[in-house]
Amino acid sequence: MSTIAAPNNISEVAPQPSARIGLAMVRLTIGAMFVWVFFENLGKGLYRPAGYAGLINYYIQHGNSPAAWKSIMSLAASHASMAAPLQGVTEISLGILLLLGLLTRPAALVAFGLLTSLWVSEWGTSWIWELLVPVLACLALLVGRAGRTWGVDALLARRAPSSLWW
């Protein structure tokens, strides 16, 4: 029986090429998903105050999220003139950053938080796995340093390999 020793430097990217390529493929898929969703929501008018508030109010009325979370959603809906464009900018920015593999770890952390909040908001209104899988994929991107394969983060890591940013 053989054992595999843990690397001394935990900031290294997984040495297995297939693991690195797999994470890069997940990163590109999640990035493309954010870009696609941005344009889909833009076409639906969900980045305008009325469209955004309407969707959030639907989740409040028909969803099963906790009351405390519904209070937060209500606050967002009442400030839709700021929240709607902010969500749009966040979604397209995350998509571009993930596609480029630039600042992948912070982008994956923000994506994890955003998708988790959307997942909780949609409880009882859609299929539970619809957002849970991308939520967990973002967590994998964060842990696996997915921008260091086929991404700009690989270039940045040459200068500062132990940086938490990539």
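From a predicted model like this one, the values you see are computed outputs, not experimental measurements. Note that these values count all heavy atoms, side chains included, but never hydrogens, waters or copies made by symmetry.
A 4.5 Å side-chain heavy-atom check between Tyr52 and Leu86 finds every atom pair outside the cut-off. In this structure the side chain of Tyr47 never reaches within 4.5 angstrom of the side chain of Ile92, judged on heavy atoms. Annotation: side chain of Leu75 is not in contact with side chain of Ile72 (no heavy-atom distance under 4.5 Å). Between Ser121 and Ser65, every side-chain heavy-atom pair lies at or beyond the 4.5 Å cut-off. At least one side-chain heavy atom of Val120 sits less than 4.5 Å from a side-chain heavy atom of Pro66. At a threshold of 4.5 Å between non-hydrogen side-chain atoms, the residues Trp119 and Ile128 count as touching. Side-chain contact check for Leu156 versus Trp165: every heavy-atom pair is 4.5 Å or farther apart.
In terms of the side chain to side chain donor-acceptor pair (under 3.5 Å) criterion, residue partners of Gln87 (sequence neighbours excluded) are, by chain and number, Glu91. For Phe39, the ring pair (Phe, Tyr, Trp, His ring centres under 6.0 Å) criterion is met by no residue, not counting sequence neighbours. For Trp123, the side chain to side chain donor-acceptor pair (under 3.5 Å) test picks out no residue, with sequence neighbours left out. Residues forming a side chain to side chain donor-acceptor pair (under 3.5 Å) with Ser126 (at least two apart in sequence, or on another chain): Glu122. Tyr59 meets the ring pair (Phe, Tyr, Trp, His ring centres under 6.0 Å) test with no other residue; sequence neighbours excluded.
Annotation for Ala80 and Pro49: closest pair CB-O, 3.5 Å, computed over non-hydrogen atoms. Nearest heavy-atom pair across Arg27 and Gly147 is NH1-CA, 3.7 Å. Annotation for Ala84 and Leu46: closest pair CB-O, 4.1 Å, computed over non-hydrogen atoms. Among all heavy-atom pairs drawn from Ala107 and Leu97, the shortest one is CB-CB, 4.1 Å. Leu23 approaches Ala146 most closely through the heavy-atom pair O-CB, 3.8 Å. Looking at every heavy atom in both residues, Ala76 comes nearest to Ala83 through O-CB, 3.8 Å.
With values rounded to the nearest 0.5 angstrom, Tyr58 atom OH is found 6.0 Å from Thr125 atom OG1. Expressed to the nearest 0.5 Å, how far CG of Leu109 lies from SG of Cys138 amounts to 9.5 Å. Atom CG of Leu131 is separated from atom OG of Ser117 by 9.0 Å, given to the nearest 0.5 angstrom. Going from atom CD1 of Ile56 over to atom NE2 of His79 covers 14.0 Å, rounded to the nearest 0.5 Å.
Checking side-chain atoms of Arg20 against main-chain N and O of Thr149 turns up no donor-acceptor pair under 3.5 Å. Lys70 places a side-chain N or O within donor-acceptor distance of the main-chain N or O of Gly63, the cut-off being under 3.5 Å. Under a 3.5 Å cut-off, the side chain of Arg105 and the backbone N or O of Trp166 do not form any donor-acceptor pair.
Note on Leu99 and Leu94: separate hydrophobic clusters, where clusters join Ile, Leu, Val, Met, Phe, Trp and Tyr whose side-chain heavy atoms are under 4.5 Å apart, directly or indirectly. Residue Val89 is not grouped with residue Trp36 when hydrophobic side chains (ILVMFWY) are merged at heavy-atom distances under 4.5 angstrom, including chains of intermediate members. The hydrophobic clustering, which links ILVMFWY residues whose side-chain heavy atoms are closer than 4.5 Å, places Trp127 and Met33 together. Under the 4.5 Å side-chain heavy-atom criterion for grouping Ile, Leu, Val, Met, Phe, Trp and Tyr, Leu55 is not connected to Phe38 through any hydrophobic cluster. No path of Ile, Leu, Val, Met, Phe, Trp and Tyr side chains, each step under 4.5 Å between heavy atoms, connects Leu141 with Leu164, placing them in separate hydrophobic clusters.
The salt bridge (charged side-chain N to carboxylate O under 4.0 Å, His left out) analysis of residues 151-161, with sequence neighbours excluded, yields no pairs.
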Determine, step by step, whether Phe34 and Leu115 satisfy the side-chain contact (heavy atoms from CB on, under 4.5 Å) criterion, reporting the C-alpha distance in whole Å, the side-chain angles of both residues, the deciding distance to 0.1 Å, and the verdict. CA-CA 10 Å; Phe34 270 106; Leu115 291 173; 3.9 Å; yes

Using the side-chain contact (heavy atoms from CB on, under 4.5 Å) rule, take Leu28 and Trp150 through it: C-alpha gap first, then chi angles, then the decisive distance, then the call. CA-CA 9 Å; Leu28 292 169; Trp150 302 340; 3.9 Å; yes

Using the rule given for side-chain contact (heavy atoms from CB on, under 4.5 Å), can you reason through Thr104 versus Leu98, listing the C-alpha separation, both sets of side-chain angles and the distance that settles it, and then say yes or no? CA-CA 6 Å; Thr104 303; Leu98 291 171; 4.1 Å; yes

